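All values derive from a computational prediction rather than experimental measurement.
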Amino acid sequence: YIIKTAQVKINEVLLNTQGKFWTIASLLFADIAFKGENLDIKTAMSLLPESAKGKIKDYESEGEFYADGALKGILNSDETPEITADFGVKNAKITYIPNNTTLEQVNFIGSYRNMNGEESLGLKGINASLKTNKIEGNYRMVNFSDPYLDMNFKTNANLADVISFYPIDTISKLSGKLDFVVEIKGKLEELKKDFTGSANYAKGTAKFDQVILQFKNDDLSAGRPGKEINIPAG
């Protein structure tokens with residue numbers, strides 16, 4: 001069965017597809033290519049679980065979002081076909097509508113692979129600007145059922161700008177500056193217990209300056225000027 005051209009909509013994501021299906025000894029095989037059309041942050045995030053969608057309903061975006069990939073292999077209940085996808089964002093803007101706060105110059109190159117039953121997700125060249133704040137980094141996760149993380153990030157941020165773009169329900173006030181450089185590798189469950197354990201690798205620094213933090217329903221606020229935290233290599 002040859003598909004010359006077709007359009008498939010998964011939630012809000014429109015995919016142009018082409019390829020073929022065939023059978024050998026009653027087994028159904030597929031070789032299908034797909035490409036996303038007219039993508040933005042809301043359409044792309046419509047693929048998230050319902051529990052996560054509420055977090056992005058107040059955001060809108062503009063810029064170049066793209067995705068394309070392929071599915072190859074046997075289609076049955078016992079085996080998973082190979083799935084590859086490349087996606088990314090170029091010079092995008094993401095705005096938190098209630099505060100009219102915009103994350104600008106958003107860029108990254110992403111990839112998803114499901115090969116021989118092992119999944120991996122990678123984001124390279126992550127960078128963005130929020131007013132005078134900058135963030136750069138890379139992220140990779142392998143094996144979604146028991147994730148292994150390999151990531152590095154650095155940022156210099158005005159915390160009042162950050163919370164204006166991404167409010168945290170339990171915090172009513174946050175200000176000050178944060179300089180943050182970190183590199184972390186290891187299994188997520190092990191990192192939760194002890195990110196400096198021998199099986200993991202963590203290195204970085206975090207410098208807080210004139211930070212004021214106040215939680216909701218709390219009359220007190222906490223401040224700590226010029227505090228620096230070092231994460232030793234481990």
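Linking Ile, Leu, Val, Met, Phe, Trp and Tyr residues whenever their side-chain heavy atoms come within less than 4.5 Å leaves L15 and Y66 in two separate clusters. Note on I83: it does not cluster hydrophobically with M115, by side-chain heavy-atom contacts below 4.5 Å among ILVMFWY residues. Cluster annotation: L39 is not connected to L14 through the hydrophobic network of ILVMFWY side chains, with a link wherever side-chain heavy atoms come within less than 4.5 Å. Y166 and L103 end up in the same hydrophobic cluster when Ile, Leu, Val, Met, Phe, Trp and Tyr side chains are linked at under 4.5 Å.
Between Y139 and I184, every side-chain heavy-atom pair lies at or beyond the 4.5 Å cut-off. Counting heavy atoms from C-beta outward, L159 and S175 have side chains that stay 4.5 Å or more apart. The shortest side-chain heavy-atom distance between F165 and I94 falls under the 4.5 Å cut-off. In this structure, E119 and N143 have side chains that are not in contact, with every pair of non-hydrogen atoms separated by 4.5 Å or more. Between L213 and I171 there is a side-chain heavy-atom pair separated by less than 4.5 Å. For the pair V211 and L178, the minimum side-chain heavy-atom distance is 4.5 Å or more. When side chains are defined from C-beta on, N107 does not count as touching I126, because their heavy atoms never get closer than 4.5 Å. Annotation: side chain of Y1 is not in contact with side chain of I3 (no heavy-atom distance under 4.5 Å).
Sequence neighbours left out, the pairs with a member in residues 80-90 that pass side chain to side chain donor-acceptor pair (under 3.5 Å) are D86-R113.
A distance of 6.0 Å or more separates the ring centres of F180 and F208. For an aromatic pair to be called close, the ring centres must be under 6.0 Å apart, and Y96 with Y59 satisfies this.
Closest approach of I163 to A160, counting heavy atoms only: CG2-O, 3.4 Å. Residues K187 and Y148 approach most closely at N-CD1, 3.8 Å, considering heavy atoms. Heavy atoms only, all atoms of each residue included: K154 and V181 are closest at CB-CG2, 3.9 Å. The nearest pair of heavy atoms linking K20 to I32 is N-CD1, 3.6 Å. Residues N99 and S164 approach most closely at ND2-O, 2.8 Å, considering heavy atoms.
Although no hydrogens or angles enter the test, the distance criterion places no donor-acceptor pair under 3.5 Å between the side chain of N76 and the main chain of I74. In this structure a side-chain-to-backbone donor-acceptor pair under 3.5 Å is present from N133 to N158. A donor-acceptor distance shorter than 3.5 angstrom exists from the side chain of N127 to the backbone of G125, with no hydrogens or angles considered. Side chain of T17 to backbone of F34: no donor-acceptor contact under 3.5 angstrom is found.
With rounding to the nearest 0.5 angstrom, the NZ atom of K4 is 11.5 Å from the CD atom of Q18. Interatomic distance, K185 NZ to K203 NZ, rounded to the nearest 0.5 Å: 11.5 Å.
For the 3.5 Å distance criterion, the side chains of Q7 and N16 qualify, holding a donor opposite an acceptor. For the residue pair T102 / K93, no side-chain donor-acceptor distance below 3.5 Å is found, with atom types taken as modelled. No hydrogens or angles considered: a donor-acceptor pair under 3.5 Å links the side chains of N138 and N152.
Under the ring-ring contact (aromatic ring centres under 6.0 Å, His included) criterion, F29 pairs with W22, not counting sequence neighbours.
The local environment of CD1 in I2 is sparse, with at most 12 non-hydrogen atoms from other residues, nucleotides or ligands closer than 6.0 Å. Applying the 6.0 Å contact sphere to CD of Q105 captures no more than 12 heavy atoms from other residues, nucleotides or ligands. The environment of CD1 in I109 is sparse: at most 12 heavy-atom neighbours from other residues, nucleotides or ligands sit within 6.0 Å.
A salt bridge links K131 with D161: at least one charged nitrogen is closer than 4.0 Å to a carboxylate oxygen.
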